Amino acid sequence: MPAIPYIAKVILTPQDAIASHVRWKITLLLAATIREPLTDRATHSIQHPEECSIHKWLLSEHTLHLRGTPEHRAVLDLHAAFHGHMLRIANLLNAGDFDQAERLLNAPEPFQNASRSLANAIMALGRRIGSVSTP
């Protein structure tokens, strides 16, 4: 079987960021469930949060007016932390320790809590954006 792929999509809105976040969780869960490692591309993306589409969105023109706000800083920090948790799981998946990866994915701490915190922070950033349209 081929390795589990991950396809990055361009993020323009907080809703897009949430969708990307959910796709990552699904990618990791699927890899653990069907007992397949991640692709090199997915692993690289996890290892380098600065190359992730969420991080790129946070530094794009779409969030320029939010730089320096507590909500923006929170998403940046929580996004980096979430990548740390994903990396631990990715390493387990790629080493073939699917049972441990699945346990970590489903445990309330730290992965699920980090995931929920990031999603909540993205939603808070979205509320900050409100009805203001961005370029």
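Computed from a prediction, not measured in an experiment: that's the story for all the values here. The first residue in the sequence is number 1, and the count goes up from there.
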Legend entry - Donor-acceptor under 3.5 Å (Thr63 side chain, Leu66 main chain): no
Legend entry - Nearest heavy-atom neighbours spanning His21 and Ala119: CD2-CB, 4.3 Å
Inset, instruction - To the nearest 0.5 angstrom, please state how far the OG atom of Ser45 sits from the CH2 atom of Trp24. - result: 4.5 Å
Legend entry - Closest non-hydrogen atom pair, Phe98 against Leu93: CE2-O, 3.4 Å
Inset, instruction - Check whether any side-chain N or O of His62 sits under 3.5 Å from a backbone N or O of Thr13 as a donor-acceptor pair, and report yes or no. - result: no
Inset, instruction - Check whether any side-chain heavy atom of His65 sits under 4.5 Å from a side-chain heavy atom of His72, and report yes or no. - result: no
Legend entry - Nearest-0.5 Å distance, CD1 of residue Ile122 to OG of residue Ser117: 11.0 Å
Legend entry - Met86 CE to Cys52 SG distance, which is reported to the nearest 0.5 Å: 6.5 Å
Inset, instruction - Heavy atoms only: give me the nearest Arg116-Pro108 pair and the separation to one decimal. - result: NH2-O, 4.4 Å
Inset, instruction - Can you see which heavy atom on Ile11 is nearest to which on Ser20, and at what distance? - result: CD1-CB, 3.7 Å
Inset, instruction - Drop me the distance from Leu12's CG to Gln15's CD, to the nearest 0.5 angstrom. - result: 10.5 Å
Legend entry - Listed partners of Gln100 passing side-chain hydrogen bond (donor to acceptor under 3.5 Å, both in side chains), at least two apart: Arg103
Inset, instruction - Tell me, please, which residues at least two apart from Ser60 pass side-chain hydrogen bond (donor to acceptor under 3.5 Å, both in side chains). - result: none
Inset, instruction - Search all heavy atoms of Pro49 against all heavy atoms of His55 and return the closest pair with its distance. - result: O-CB, 3.1 Å
Could you go through residues 73-84 and list every donor-acceptor pair under 3.5 Å that involves a side-chain atom there, pairing it with any protein atom two or more places apart or in another chain?
residue	atom	partner	partner atom	Å
Arg73	NH1	Gly68	O	2.2
His79	NE2	His83	NE2	3.1
His83	ND1	Ile46	O	3.0

Inset, instruction - Starting at CG of Leu30, measure out to OG1 of Thr27 and round the result to the nearest 0.5 Å. - result: 7.0 Å
Inset, instruction - Check whether any side-chain heavy atom of Pro14 lies under 4.5 Å from a side-chain heavy atom of Leu125, and answer yes or no. - result: no
Legend entry - Verify same cluster id: Ile26, Leu118 (apolar side-chain graph, 4.5 Å): yes
Inset, instruction - With sequence neighbours left out, write down each residue that passes salt bridge (Lys or Arg N to Asp or Glu O under 4.0 Å) with Glu102, or none if nothing qualifies. - result: none
Inset, instruction - Only pairs at least two apart or in different chains count here, so list each side-chain hydrogen bond (donor to acceptor under 3.5 Å, both in side chains) that has a residue in residues 85-97. - result: Thr43-Asn94
Inset, instruction - For Arg35, check salt bridge (Lys or Arg N to Asp or Glu O under 4.0 Å) against everything at least two apart and list the hits. - result: Asp99
Legend entry - Inter- and intrachain pairs under ring-ring contact (aromatic ring centres under 6.0 Å, His included), touching residues 31-52, at least two apart: His44-His48
Inset, instruction - Kindly indicate whether the side chain of Leu28, heavy atoms from C-beta on, has any atom under 4.5 Å from the side chain of Leu38. - result: yes
Legend entry - Closest non-hydrogen atom pair, Ala124 against Glu71: O-CG, 4.1 Å
Inset, instruction - Go through the steps for Arg67 and Leu59 under the test side-chain contact (heavy atoms from CB on, under 4.5 Å), then give the verdict. - result: CA-CA 8 Å; Arg67 306 268 170 78; Leu59 299 181; 4.3 Å; yes
Inset, instruction - Please list, chain by chain and in numerical order, all residues satisfying side-chain contact (heavy atoms from CB on, under 4.5 Å) with Leu29, sequence neighbours excluded. - result: Leu105, Asn106
Legend entry - CG on Asp16 to CH2 on Trp57, rounded to 0.5 Å: 8.5 Å
